[in-house]
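In what follows, a structure is listed as structure tokens, so that the remarks can point back to it.
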Amino acid sequence: MKALIILGHQNPGESFCRAVAETAKQALQTAGYDVIFHDLYAEKFDPVLTAEELSLSADEVSGKIREDIQEVLDADFYVIVHPNWWGMPPAILKGWIDRVIRQGFCYAFTAEGPVKKLAGRKAVVFTTGNTPPDVEIQVLGDPLENLWKNIVFDTVGVTDFIRRNFASVIMSTPQQRQEWLQEVQQIIQKMA
């Protein structure tokens, strides 16, 4: 069993997102998964999908992006961790979606309808924010839930999906954050 963790937080050192990602990694390893962990900012992932790259056929995609796509194709379990950035993932993570969750590899469109090539896999998205959750849902309608569940993962066929938002991080106590990390472990254990 293989798991892929993608961390998209601007602080590559210490952040609550990093603690969430590390906790998820440990829980997955304990459950017997081989884990690949990418910190997009630490790796200086280039989020720009150029017109030239977009024009490449599946057979022509090569290099690091092809390796990243293969990791997605090989994984059984996906964990994405990021802060809520204006109701979206940070740009680096959106660029990762654009360049790696590629049409022709992870999904396709046909005359008969979409082909969801990652069906049968699992995904957990952990997000953090500073807006209280009830305010975010009332005012914004939870755009991150819609993005990850209905747009990204439904498109590729991943329906065994959970998203957990931890907020308000800025107003949380060390004890609250520790309880959230225990919840991360429990969610991963339940999904594994």
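Position 1 is the first residue of the sequence; numbering continues from there.
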Give the C-alpha distance, both sets of side-chain angles, the deciding distance and a yes or no for side-chain contact (heavy atoms from CB on, under 4.5 Å) between Ile65 and Arg102.
CA-CA 10 Å; Ile65 293 302; Arg102 292 284 290 269; 4.2 Å; yes
Taken to the nearest 0.5 Å, the spacing of Ile5 CD1 from Tyr78 OH works out to 13.5 Å
Are Leu147 and Val124 connected in the hydrophobic side-chain network, where two residues link if heavy atoms are under 4.5 Å apart?
no
Note, Val20 side chain near Leu181 side chain (heavy atom, < 4.5 Å)
yes
Just by distance, no angles: are the side chains of Asn146 and Asn150 close enough, under 3.5 Å, to form a donor-acceptor pair?
yes
With the side chain counted from C-beta on, respond yes when Cys17 and Leu7 share a heavy-atom pair under 4.5 Å apart, and no when they do not.
yes
As an exercise, state the distance from CG of Asn84 to CG of Asn130, rounded to the nearest 0.5 Å.
9.0 Å
Rounded to the nearest 0.5 Å, what's the gap from OG1 on Thr155 to CD1 on Ile101? Could you check?
10.5 Å
Would you check, one step at a time, whether the test side chain to side chain donor-acceptor pair (under 3.5 Å) holds for Gln182 with Gln186?
CA-CA 6 Å; Gln182 290 171 356; Gln186 292 166 356; 5.6 Å; no
Please report the closest heavy-atom contact between Gly8 and Pro83, naming both atoms and the distance.
O-CD, 3.1 Å
Report yes if the side chains of Thr128 and Trp180 come closer than 4.5 Å at any heavy-atom pair, otherwise no.
no
Over all heavy atoms of both residues, which pair between Phe105 and Ala58 is shortest? Give the atoms and the distance, please.
CZ-O, 3.3 Å
Do we see a donor-acceptor contact under 3.5 Å between the side chains of Glu60 and Ser57?
yes
Could you check Ile80 against Phe153 for side-chain contact (heavy atoms from CB on, under 4.5 Å), going step by step and ending with a plain yes or no?
CA-CA 11 Å; Ile80 311 291; Phe153 284 116; 4.3 Å; yes
When you measure from the side chain of Arg121 to the backbone N and O of Ala75, does any donor-acceptor pair fall under 3.5 Å?
yes
Do Met1 and Phe77 have side chains that approach each other closer than 4.5 Å (heavy atoms only, starting at C-beta)?
no
Under 4.5 Å between side-chain heavy atoms, counting indirect links through other Ile/Leu/Val/Met/Phe/Trp/Tyr residues: same cluster for Val152 and Val115 or not?
no
Mind listing the closest non-hydrogen atom pair of Ala24 and Val184 along with its distance?
N-CG1, 3.9 Å
Examine distances only and state if a side-chain atom of Lys117 and a backbone atom of Gly104 form a donor-acceptor pair shorter than 3.5 Å.
yes
Leu73 side, atom CG; Leu118 side, atom CG - distance, nearest 0.5 Å
6.5 Å
Hphob cluster co-occupancy, Leu54 + Ile69, side-chain heavy atoms under 4.5 angstrom:
no
Between His82 and Trp96, is the ring centre distance below 6.0 Å?
no
Looking only at non-hydrogen atoms, find the nearest pair between Glu52 and Ser55 and report the distance.
O-OG, 2.7 Å
Specify the closest pair of heavy atoms between Trp85 and Pro90, including all atoms of both residues, with the distance to one decimal.
CB-N, 4.0 Å
Let's go through Leu144 and Asn165 carefully: what are the C-alpha distance in whole Å and the side-chain angles of both, what is the deciding distance for side-chain contact (heavy atoms from CB on, under 4.5 Å) to 0.1 Å, and is it a yes or a no?
CA-CA 9 Å; Leu144 288 172; Asn165 182 47; 5.6 Å; no
Verify, without hydrogens or angle tests, whether Arg177 (side chain) and Ser172 (backbone) share a donor-acceptor contact under 3.5 angstrom.
yes
Interatomic distance, CD@Gln178 vs OG1@Thr23, rounded to 0.5 Å, equals 7.5 Å
Checking Glu22 against Gln26: is there a side-chain donor and acceptor pair closer than 3.5 Å?
no
Starting from Tyr107, can I reach Val61 by hopping between I/L/V/M/F/W/Y residues whose side chains sit under 4.5 Å apart?
yes
Heavy-atom check, side chain of Asp39 versus side chain of Arg18, under 4.5 Å:
yes
So Gln10 and Ser15, do their side chains get closer than 4.5 Å, heavy atoms only?
no
Would a distance-only check, ignoring hydrogens and angles, find a side-chain to backbone donor-acceptor pair under 3.5 Å from Asp76 to Lys2?
yes
Test side-chain contact (heavy atoms from CB on, under 4.5 Å) on Arg99 and Glu53 and set out the steps.
CA-CA 9 Å; Arg99 296 187 72 197; Glu53 183 180 332; 2.7 Å; yes
How long is the straight-line distance from CD1 of Ile6 back to CD1 of Ile92, given to the nearest 0.5 Å?
10.5 Å
Grab the two heavy atoms, one from Thr110 and one from Gly113, that are nearest each other, plus how far apart they are.
OG1-O, 2.6 Å
Going by the rule side-chain contact (heavy atoms from CB on, under 4.5 Å), which residues pair with Glu145 if we only count those two or more places apart in sequence or in a different chain?
Asp142, Lys149, Phe161, Arg163
Same cluster (ILVMFWY, side-chain, under 4.5 Å), Val158 and Phe109
yes
Are the side chain of His9 and the backbone of Asn11 linked by a donor-acceptor contact shorter than 3.5 Å?
yes
4.5 Å side-chain heavy-atom contact, Ile188 and Val79
yes
So do the side chains of Lys25 and Leu28 get within less than 4.5 Å of each other, counting heavy atoms only?
no
Phe166 and Phe16 aromatic ring geometry - parallel, tilted or perpendicular at 30°/60° bounds
perpendicular
